[in-house]
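Report on the following structure.
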Amino acid sequence: MEKASEDRPEQEAFVRKELQRLRDSIDNLDAALVHLLAERFKCTQEVGRLKAEYELPPADPEREAAQIRRLRALAEQSKLDPVFAERFLNFIIAEVVRHHELIASNRAATRATGLSAVLRASDRG
């Protein structure tokens, strides 16, 4: 019995050290995810600007479905729950579409304002 109680502090120290090591890795991965998402959203903002400029719809259901299929397959290969992966991508897609709608709305308002200014100028001229 005495041996078990002597091992306890060593075990606790090991567990604390191991937890810290794992948590440090998780923190690094979380930071990487945030940076990757930021880069992804920079790209999708550009896509949104192109769509707005050429008056394309903010959402592309065919592309979204293909992305979901691709991500589910990647999740399965990586031993990640494909349902979780799909939910995660759906969340991202919804946010991207929301951004694209805002960009399109702002672009339409800018066009309308510019057109109004041109019409007012032509009325005076």
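Note that the structure is predicted; figures quoted are calculated from it, not measured. The residues of the chain are indexed from 1 along the displayed sequence.
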Under a 4.0 Å threshold between the charged nitrogen and the carboxylate oxygen, would Glu101 count as salt-bridged to Arg98? no
Between Ala85 and Leu71, the two heavy atoms sitting closest are O-CD2, 3.3 Å
Look up atom CD1 in Ile26 and atom CZ in Arg21, then write down how far apart they are to the nearest 0.5 Å. 10.0 Å
Hydrophobic clustering (ILVMFWY, side-chain heavy atoms < 4.5 Å, transitive) - are Leu102 and Val96 grouped together? no
Student check: side-chain heavy atoms of Arg72 and Val83 closer than 4.5 Å: yes
Spacing of CG belonging to Asp24 relative to CG belonging to Leu29, to within rounding of 0.5 Å: 11.0 Å
What is the distance from atom CZ of Arg23 to atom CG of Asp30, rounded to the nearest 0.5 Å? 12.5 Å
Say you draw a straight line from NE2 of His100 to CD of Gln45; how long is it, rounded to the nearest 0.5 Å? 6.5 Å
Ala75 versus Pro82, closest heavy-atom pair with distance: CB-CA, 3.9 Å
I'd like to check the salt bridge (charged side-chain N to carboxylate O under 4.0 Å, His left out) partners of Glu12; sequence neighbours left out, ordered by chain and number. Arg8
How many angstroms lie between atom CZ of Phe14 and atom CG of Leu19, to the nearest 0.5 angstrom? 9.5 Å
Quick one, Thr44 and Ile92 - any side-chain contact, counting heavy atoms below 4.5 Å? no
Should Ile103 and Lys51 count as side-chain neighbours, where that means a heavy-atom distance under 4.5 Å? no
Could you tell me whether the side chains of His99 and Glu95 share a donor-acceptor contact shorter than 3.5 Å? yes
Is there a path of hydrophobic side-chain contacts, each under 4.5 Å between heavy atoms of I/L/V/M/F/W/Y residues, joining Phe88 to Phe41? yes
